[in-house]
Amino acid sequence: MHKSGFVTIIGNPNVGKSTLVNNLLGEKLSIITPKAQTTRHRLLGILSHKDYQIVFSDTPGVLQPKYKLQDAMMSYVRESLDDSDFIIYMVDSNKNQLADEGIQKILVEVDKKILVLVNKIDLVLQDEVSELVEFWQKKFINSLVFPISALNKYNLQTVLDTIINNLPEAPAYFPKDIFTDRSVRFIISEIIREKIFKRYTKEIPYSSEVVVESFKEKEKIIEINCIIYVERTSQKGILIGKNGAALTSLGSSARRDIQNFLKKKVFLGLYIKVLKDWKKKNKDLKNFGYIKK
Ligand code: GDP
Ligand code: MG
């Protein structure tokens, strides 16, 4: 009997989703294949075994509760949850995470099996761990709630066993020697997107889309040019900042991370284009991979 399935990990930025996948995969994720990523699922990693294959994906950047979620984003999240065989909802031991009403509402609506992971328990006392588990158990009455430390690999075997128990019987979806299908271009655009999320407020992160236009590897340097699409001219001004300062600073911070990732010197060109109301236009949403062609 062979089990296979898609596991979506949902949760706020920084709760530890990538750390969990990396540690479950045992650092294999550093192997990147040049294949383009699928648009339905943003794959983090694939864990294969003789008897099973788990395909992990996350729903990036859409769940910061302080932002109003747009329709396309919401249906994108719903769709990827609908498409998954098992859902992991990750929170961390920080009390600020407790009022995550937006996510909880979606999770209740999708009506799937959910495993709630309370991560970073290495940062709190044992009494607090029990309190947190109890708190989340009350919110997700029908789900298992585990305290874990993704970083210290505490309780990860239990997580793995639970996932496998909940996967359907199915053949493998991917060749067993592939660990991720995130492309280099995808990772570069994610690095830039993350910087935008961290540096800008209000609707800017949700109005921006990053596209890698060109990637040229030369002898001593890799030349990468990207376009950041925004919805309105006013947003272009905010992204650029006074005398271009904000964009320059964003660019050098992103370039550093990309250099670390590619292990080579990088030239990063960032260009901003206004694509009026792209989030309301099906054609643009299709081009960016948010809805099916
Ligand atoms: P993501 O945004 O949800 O993918 O979160 P990351 O996996 O990138 O982790 C965000 C930060 O939390 C990183 O600095 C991790 O090292 C840290 N982190 C992840 N898991 C744990 C944990 O179990 N304990 C502690 N103390 N830190 C953790
Ligand atoms: Mg992550």
Side-chain angles (χ1 to χ4, degrees), residues 6-30 32 37 41-47 54-67 69 73 77 80-81 84 86-98 100 102-104 106-107 114-126 128-133 136 145-160 162-163 179-182 186-200 205-206 210 253-254 256-258 260-261:
F6 287 86
V7 176
T8 295
I9 307 181
I10 195 164
N12 280 317
N14 287 319
V15 294
K17 301 181 293 294
S18 304
T19 309
L20 174 73
V21 175
N22 274 318
N23 282 341
L24 285 175
L25 262 65
E27 311 299 330
K28 284 173 182 162
L29 206 53
S30 54
I32 309 285
Q37 88 281 4
H41 289 279
R42 304 242 187 173
L43 298 193
L44 285 173
I46 305 168
L47 180 59
I54 308 169
V55 186
F56 291 101
S57 65
D58 70 0
T59 50
V62 291
L63 295 168
Q64 280 187 334
K66 62 181 164 183
Y67 298 112
L69 302 183
M73 284 302 215
V77 172
S80 53
L81 290 177
S84 52
F86 191 61
I87 296 165
I88 291 178
Y89 174 41
M90 191 184 256
V91 294
D92 68 18
S93 56
N94 185 331
K95 290 256 159 61
N96 295 336
Q97 302 267 322
L98 297 185
D100 231 351
I103 301 177
Q104 288 157 31
I106 301 177
L107 287 173
I114 298 164
L115 169 63
V116 180
L117 295 181
V118 184
N119 190 29
K120 307 194 187 181
I121 59 154
D122 51 295
L123 300 178
V124 295
L125 298 169
Q126 182 57 43
E128 276 181 77
V129 174
S130 319
E131 261 171 51
L132 283 162
V133 170
W136 288 108
V145 179
F146 295 151
I148 65 160
S149 171
L151 193 64
N152 301 332
K153 304 187 185 173
Y154 171 76
N155 241 354
L156 296 200
Q157 190 58 48
T158 321
V159 173
L160 190 58
T162 307
I163 296 170
F179 302 106
T180 184
D181 80 344
R182 286 184 155 199
F186 173 69
I187 288 167
I188 290 168
S189 69
E190 284 289 286
I191 289 173
I192 298 167
R193 249 163 58 84
E194 191 185 301
K195 300 291 174 200
I196 297 172
F197 261 92
K198 288 192 172 149
R199 285 158 177 262
Y200 297 91
Y206 291 103
V210 180
S253 166
R256 270 197 300 276
D257 283 10
I258 296 167
N260 279 340
F261 167 63

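We count ligands from 1, going down the list as the structure has it; atoms in each ligand are counted the same way.
Near Ser149, meaning under 4.0 Å from one of its heavy atoms, ligand 1 places the atoms 22 (C), 23 (O), 24 (N). For ligand 1, the atoms sitting less than 4.0 Å from at least one non-hydrogen atom of Leu123 are 26 (N), numbered in the order shown with element in parentheses.
Contact check for Tyr154 versus Ile121: side-chain heavy atoms found under the 4.5 Å cut-off. Phe56 places a side-chain heavy atom less than 4.5 Å from the side chain of Leu24. In this structure, Val91 and Leu132 have side chains that are not in contact, with every pair of non-hydrogen atoms separated by 4.5 Å or more.
Qualifying side-chain contact (heavy atoms from CB on, under 4.5 Å) partners for Leu123, counting only residues two or more places apart in sequence or in other chains: Ser93, Lys120. Every residue two or more places apart in sequence or in another chain that forms a side-chain contact (heavy atoms from CB on, under 4.5 Å) with Ser253 is listed here: Lys195, Arg199, Arg256.
Here Leu151 has heavy atoms under 4.0 Å from ligand 1 in both its backbone and its side chain. Counting heavy atoms under 4.0 Å from ligand 1, residue Leu20 does not touch it at all.
Nearest-heavy-atom check against atom 18 (N) of ligand 1 across Lys120, Met90, Lys17, Lys153 picks out Lys120.
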